[in-house]
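Below you'll find the structure, written out as structure tokens, and then a few comments.
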Amino acid sequence: MIKKISENIIKIIFCIFTLVILILFNATIIINDKSWPFIILSLVLIVLLLFIFLYWVKYYKEIFIFSLILGHIFIYRVNVSIAALLSLLLILFYITFQDNTKYFNELKLPKFLKKNLILLVIAVAISGIFSRYYSVFSLINTFFYLTYVLSGYIFFKSIKNYLDIERLLYVFILMTFVGGITKFVGILIYGMIRGIGIAEFFYMEYAPIALLMIFFLYFVNDKPKLLMILSFIVILISMILDQSRFAWLGFTLSMIYGCFVCYRYSFNFRKFLKDKLFAIVIFFLIIVSLIYIFNLDKIIVGRVSNISFNFFDQKEESTSGSFIENSLESRIMIWVTAFNAFKHNILTGVGYNQFAFVSEDYNILPQILFILYVKNLDAHTTFLNYLSETGIIGFLSFFAYMVTAFVLSFKSIKLSKDDWLKISLTLNILMFYLFVDCIYSGNFTFGPSAYLIHLIIFMVIANYVLLKTNVIKNIHK
């Protein structure tokens, strides 16, 4: 009886959430000047997701991952996304059914990691409450950060074996594949390339992760099905079109690291190299040829060349009509400003997700450069975002959180055998990518990508705890 009442309460709240989300999306038509095709497509997907969530709640993990495709909506000083709203529902669902073994396991977080997470959440809360820029918006952003962590924890409590993890990785690949298709549609409609599609600029983080999953989880260990091959092609082309040099840097470094660690620990990978080396070489030659055929080489080279460090002294625009020749120069301006903000707010930072709105107080650049290249932007690196917004304690807590997850992912490899090994290897490679990405990208600080990084980290933790529990059981036997 109580369970039935709880289910009815959840359904009522789902309906309320649906109305709220529809209102928010319609309000942003004017606020964000989104085009009608984008709005209509987003609304259809939102209603579809909530409808599925409402009547097939047992697929809550898969539905939540698919919600990450919907990008985010910026409402004044708060980043709101369908994932953020669904996360509240996810938390409510967990509170209601946490003792139900049908949905949740009995795993416990490692003690050190639990203390680390508590310190991280406290540091973020302090930055939102006690920084000099305390406001209702800093409180709301702090609350959303709590949903990032709690959503990850609920995934941790939902994973009962390595097959659950494999299924979630598979769903993420499908989500990224769908995002790539919408990107192609967006290019045809708007004639633009970067940041197009319902996942917007967050797709630049999704694509490399999905490609790493496909390659190390399916290409190396199994004969890939047609859907995985098609997904790989679509996502790879989308990533090329995004022209993100840093995404390619992270992907390339992760591929090199992944090949090294797989060669060391996986017999299947050594066999794969022996059998498929010629095909791999041909594939990469085709990719390079396509880049030159479509003249993408000039765009790529242009994004890593012509970098000058004399822009601080410029008083006139360059011959290209801009004060800078390369976007890396604008990042340096942002980093300088963000570090200056940290120096003046060492303990609390300026408040979680607040740097973009207070950066002018710490500007040391010529005003025209600040307005053009820094104003209203985050620090463009996740680690520097934490440093400038949550202070030294928040930064160290987040850094320790990342390092611990990476170490646990590596330990999992040594505990794994057979099919479980490919899951542990893939998760370790993903952790390497996340670590590298946090150095040059700020997207994992907020919005759908912030949910994603915590979901992956908690999958890593669940995988390790399951393996450790399995080893202990075998010892007792």
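The residues of the chain are indexed from 1 along the displayed sequence.
- The number of heavy atoms from other shown groups lying within 6.0 Å of CZ (R270) is above 12.
- Residue L408 places its CG atom among more than 12 non-hydrogen atoms of other residues, nucleotides or ligands, all under 6.0 Å distant.
- For CZ of F143, the number of neighbouring non-hydrogen atoms (other residues, nucleotides, ligands) closer than 6.0 Å is 12 at most.
- Ring geometry for Y386 against Y352 counts as tilted: the plane angle lies between 30° and 60°, on a 0 to 90° scale.
- Applying the side chain to side chain donor-acceptor pair (under 3.5 Å) criterion to T445, with sequence neighbours excluded, gives N385.
- Between Y203 and S238, the shortest heavy-atom distance links the atoms CE2-CB, 3.5 Å.
- Scanning all heavy atoms of the two residues, the minimum distance from S424 to L467 falls at OG-CD1, 3.7 Å.
- When each of W335, F399, F444, F342 is paired with F383, the ring pair (Phe, Tyr, Trp, His ring centres under 6.0 Å) condition holds for F399 and for no other.
- Under a cut-off of 6.0 angstrom, the local environment of NZ in K160 is crowded, with over 12 non-hydrogen atoms contributed by other residues, nucleotides or ligands.
- You'll find the side chain of Y464 stays beyond 4.5 Å of the side chain of L427, heavy atoms only.
- Ring-centre distance between Y401 and H454: below the 6.0 Å cut-off.
- With sequence neighbours left out, the side chain to side chain donor-acceptor pair (under 3.5 Å) criterion links N428 to Y257, S409.
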